[in-house]
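Worksheet for the structure shown next.
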Amino acid sequence: MVVPVEEGPEDDQAATYWLGRWPTLAPPTHRWGPGVEVAGALGAGVLALAVAAGLLVGVPFTNVGPDPCLGSTFLGTDGQCVGVAEGAASFGTGDSERAVRDVLQRIEQQNEQVEQELSGRDADDPRPRSRTVVYFGSLSGGKDAEDPVRGGTLAELRGLALAQAYVNAQALRTGERVPLRVLAANAGDRFKDAPAVARRIVDLAEKDRSIVGVVGFGQSRRRTYEAMVILDEAGLPMVGTSGTADELLRQGEHYYQTAPTDTRAGQVMASFAEHAAMVDGRTALRVRLIADPSDAYSASLATAFRSAYGDERTDMLLYTPTDAPEPSPVPGGPVGPSVQAVEDLAREVCRAVAAEPRTAVVWAGRGSHFQLFLGELARDSRDCPEVSVLGGDDVTNALTEERRPWEVFAGLTLYYVSHGRAPALSGASGEAGAFLSAYDRTYADDHGARTGGMRQDAHVALAWDAMRYLAEGVDQAWRGTGGNDERLDRGLLQAVLYQGLGGGGFDGATGRIEAHGAAGGGRLTEQKLTAVEQGGEKGSRTVLLCGTVARGDVRDVWGPEKHPCP
């Protein structure tokens, strides 16, 4: 029973996905019954069309072959499998997602190692059994996406896998810590399916008591907020990897943040734009601030920068990409003139720089659109052969493209925010040294254009710190049970995190993490380390470092002139 599809609704992504993968619809193997079989000769064509119609409108038909979305995964908005899975089998098959699958396979192997170790223990063994952490991120991209995995997902997964191996090596050797398994939850392209996936995590956690927490939330989007509310209402502890919008902390008291907020990042960027000789060896006189008013992260960062730098020297320029997942403006977001296309954006910037050469560009948009902007700038740069840009932390995602930003536009001078660059801390922080050592052992031979620069990417180190934060909470919760393993669940972990980790925190790979908990007045580090890097062909160098590197080591000034840190 074959249904050839020559023409169909091209905008129906679910139908395109199903019919593309299963062009042959297998008939049921069981007998339909005498009444149906008598009519079979006359109605086979009608039945075939009914099957096809069911797929087009999303009606489940359970006997048409194996479901490509297995286990707790399901078909998402863009026709790809989203949900929760162990390992790499259920997510992304494209060539550009191979690096992500490699990390997921590494995590799967580490899970198996834990299971093998624990399977040989006696029932009365006093050592703790494993607990499960869910990574919540965007593991697939939309249709025809230039980068199917956006927003630092690969970097975060690497940091998570490295931290899991580090934690488990100690746990399995000493028996005094809790070994951790990791499940991957794909929230879809740019977190489009985040609420539905969050509900799937909650359902799974109700059946599996070993699930104690969630790490991730690397993109500050409105769908991310909805998902966090769902997880918060279920009492699941959450630790952020790199999401930085202030709104993240307002989605419930079960979320803890390792990265600085957008307010802090915006203040640091404003201080740098005020004092740094970033435009041809001189300070900027004006700033062209570019933001996406529909993007929660971009809107938050732009608002924070403008508030700290001042309106009188800031010219706002708004641009929302045509493929924006949430195109309507964020309530209370930035206001100003807008452009409809990226070429118009480049043209307006070029005009501003031509009119006042000491104009700096502050990019508060996503890194995934930064390269497109530079490409347009390179095509029409006769009036602005050189442009200086200060980008937010999301710009680091553009540094792992096949072509680096300065290769796309040769006249670029690029500065960007980094939320804790481990190479700059290796001499002052033992945790940063441990992270770098683990990274170099695992990825010593990785020198690809997309992945070779991730050693310096703060997303990797932030994910390491998030996993270490959650692991430390699990260990303290287990010690609090007096060795009664049955009492260790997510409720007990949440109680520990709410009160704050013992010792007041730890020195992480991205600087000091002040884990004083909600009961202690906050769920983030107030003086979290923030850096500004200058990128170039010979690598990046740190030009600003503000915040707490380690206990007793606070950087409160930056630059040769000792400018005060925000």
| pair Leu488-Val474: side-chain heavy atoms closer than 4.5 Å | yes
Is it true that [X] and [Y] make a salt bridge, defined as a side-chain N closer than 4.0 Å to a carboxylate O?
{"X": "Glu431", "Y": "Arg551", "value": "no"}
{"X": "Glu176", "Y": "Arg479", "value": "no"}
{"X": "Asp553", "Y": "Arg555", "value": "yes"}
{"X": "Asp208", "Y": "Arg181", "value": "no"}
{"X": "Glu486", "Y": "Arg129", "value": "yes"}
{"X": "Arg468", "Y": "Asp465", "value": "no"}
{"X": "Arg221", "Y": "Asp295", "value": "yes"}

| said: Can you see whether Tyr443 has Arg158 sitting over its ring - NZ or CZ less than 6.0 Å from the centre and within 45° of the normal? | reply: yes
| Between Val133 and Leu470, is a side-chain contact (heavy atoms from CB on, under 4.5 Å) present by the stated rule, with each step listed? | CA-CA 9 Å; Val133 175; Leu470 200 61; 3.7 Å; yes
| said: Under a 3.5 Å cutoff, is there a donor and acceptor pairing between the side chains of Gln219 and Ser138? | reply: no
| At their closest point, which heavy atom of Pro566 faces which heavy atom of Arg264, and how far apart are they? | O-NH1, 3.4 Å
| Where Tyr297 and Asp262 come nearest, the two heavy atoms and their spacing | O-OD2, 3.2 Å
| request: Verify the ring-centre separation between Phe191 and Phe217: is it less than 6.0 angstrom? | output: no
| query | Hey, would you say the Trp464 and Tyr166 ring centroids sit under 6.0 Å apart? | reply | yes
| task | Check step by step if side-chain contact (heavy atoms from CB on, under 4.5 Å) holds for Thr510 and Lys528. | result | CA-CA 8 Å; Thr510 61; Lys528 184 64 174 66; 2.9 Å; yes
| request: Could you grab the distance from atom CE of Met269 to atom OH of Tyr415, nearest 0.5 Å is fine? | output: 13.5 Å
| For Tyr135, the option from Leu160, Val214, Leu183 that meets side chain to side chain contact (heavy atoms under 4.5 Å, CB included) | Leu160
| Stepwise, does the side-chain contact (heavy atoms from CB on, under 4.5 Å) test hold for Tyr416 with Thr396? | CA-CA 7 Å; Tyr416 58 92; Thr396 58; 3.5 Å; yes
